[in-house]
Amino acid sequence: MSGVRVAVVTGGNKGIGLAIVRALCKQFQGDVYLTARNTQLGAKAVQELKEKEGLSPLFHQLDINDLNSIRALRDFMKDKYGGLDVLINNAGIAFKVADTTPFGTQAEVTLKTNFFATLDVCHELLPLIKPHGRVVNVSSMVSPRALAQCSREFQEKFRSDTITEGELVKLMEKFVEDAKNGVHQEKGWANTAYGMSKIGVTVLSRIQARKLKETRKGEGIILNACCPGWVRTDMAGPNATKSPDEGAETPVYLALLPESVDSPYGELVSEKKVLAW
């Protein structure tokens with residue numbers, strides 16, 4: 001089936017992920033895979049899109065915190081499609097504001113999924129991206145806000161055009177360590193685990209885009225980070241301003257950028273516009 005185009009959405013069984021799957025089923029020419037950690041919930045979401053909306057998504061299990069699960073998806077895509085045309089890294093978590101879990105634990109758990117697991121997915125799946133492929137890492141508006149709360153030294157590091165993936169990983173590990181020791185603010189980090197995790201995703205996207213230009217030069221692959229906006233989901237709550245379908249608009253726009261364009265590239269995009277980092 002190497003002639004068939006294929007798109008994968010992580011964390012696809014609810015919220016923004018489900019809305020992205022819905023939109024891709026309508027607009028993407030090819031197979032669309034809804035992935036989810038929980039096979040039952042994922043299969044149910046696929047069933048509902050088929051029965052209630054007449055769409056035809058496919059399902060594959062994916063727990064981004066489980067390397068074996070990521071590799072199973074990688075091997076499946078390689079064997080069945082010879083690669084991947086669209087990857088949307090949407091899976092993520094956030095603690096509620098009122099949650100009383102110690103901040104150090106929140107930092108560790110949030111970064112484990114939002115940054116380190118997303119990084120694992122990219123390590124395994126980015127090599128599968130076909131020429132003219134599109135990669136979208138779902139970040140957040142919270143990342144530039146969190147960046148503004150960091151010390152000048154950290155801001156310079158996170159804004160650097162030469163920061164490496166290894167350096168970024170060390171910074172993220174140091175934030176978690178300082179958070180667990182209760183000294184993250186005095187050391188110059190933002191006082192938000194979610195915000196710090198999304199700084200990681202935004203900076204990672206900038207690094208990956210730079211690397212793709214070097215390693216896959218001339219192949220027309222485009223990678224960006226995006227902010228879907230404040231969306232009514234289990235994560236953000238019922239008072240948010242956007243519906244999930246509205247939240248899906250920018251990620252889907254980036255996933256479907258035509259072959260003829262070469263920008264936006266390596267940017268943080270919100271409301272289909274590039275945000276200054």
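These numbers come from the heavy atoms of this one structure, side chains and all, not from hydrogens, waters or symmetry mates. Residues take their numbers from the sequence shown, with the count starting at 1. In this text, all values refer to a predicted model and were calculated from it rather than measured experimentally.
Between Lys180 and Glu108 a salt bridge is recorded (basic side-chain N to carboxylate O distance below 4.0 Å). A salt bridge is defined here as a Lys NZ or Arg NE, NH1 or NH2 lying under 4.0 Å from an Asp or Glu carboxylate O, and Arg152 with Glu156 fails to meet this definition. A salt bridge links Lys211 with Glu165: the distance from a Lys NZ or Arg NE/NH1/NH2 to an Asp or Glu carboxylate oxygen falls below 4.0 Å. For Arg210 and Glu214, the salt-bridge test fails: no basic side-chain N is under 4.0 Å from an acidic carboxylate O.
Checked by atom type and distance alone, the side chain of Ser140 never pairs as donor or acceptor with a backbone atom of Cys227 at under 3.5 Å. When atom types are taken as modelled, the side chain of Tyr265 and the backbone of Ala209 share a donor-acceptor pair closer than 3.5 angstrom. Looking at Gln61, its side chain never comes within 3.5 Å of a backbone N or O of Thr35 through a donor-acceptor pair. Remark: the backbone N or O of Ile70 is not paired with any side-chain donor or acceptor of Asp120 at under 3.5 angstrom. In this structure, Arg134 contributes its side chain and Leu257 its backbone to a donor-acceptor pair below 3.5 Å. Formation of a donor-acceptor pair under 3.5 Å by the Arg216 side chain with backbone atoms of Ile129 is found in this model. Listed for the Arg71 side chain is no donor-acceptor partner under 3.5 Å among the backbone atoms of Asp66. Between the side chain of Asn90 and the backbone N or O of Thr10, at least one donor-acceptor pair lies under 3.5 Å. No side-chain donor-acceptor contact under 3.5 Å links Glu186 to the backbone of Val183.
Within the model, atoms CG of Leu125 and CG of Leu73 stand 5.5 Å from one another, a figure rounded to the nearest 0.5 Å. Rounding to the nearest 0.5 angstrom, the gap separating the CD1 atom in Ile222 from the NZ atom in Lys213 is 9.0 Å.
For the side-chain contact (heavy atoms from CB on, under 4.5 Å) criterion with Glu267, the lone passing option out of Leu223, Leu254, Asn224 is Asn224.
At a threshold of 4.5 Å between side-chain heavy atoms, the hydrophobic network of Ile, Leu, Val, Met, Phe, Trp and Tyr places Val201 and Ile20 in two separate groups. Following chains of ILVMFWY side-chain contacts shorter than 4.5 Å, one cannot reach Leu41 starting from Val46, and the two form parts of different hydrophobic clusters. When hydrophobic clusters are built by joining Ile, Leu, Val, Met, Phe, Trp and Tyr residues whose side-chain heavy atoms come closer than 4.5 Å, directly or via intermediates, Val135 is grouped together with Val274.
For residues 102-156, the set of pairs meeting the ring-ring contact (aromatic ring centres under 6.0 Å, His included) definition, not counting sequence neighbours, comprises Phe103-His184, Phe154-Trp189. Here side chain to side chain donor-acceptor pair (under 3.5 Å) pairs that include residues 193-205, with residues two or more places apart or in two chains, are Asn114-Ser197, Asn137-Ser205, Ser139-Thr202, Ser143-Thr202.
Across all non-hydrogen atoms, the minimal contact from Leu275 to Ser270 is CD1-CB, 3.7 Å.
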Chi angles and distances behind the side chain to side chain donor-acceptor pair (under 3.5 Å) call for Ser243, Asp245: CA-CA 5 Å; Ser243 70; Asp245 288 330; 5.2 Å; no
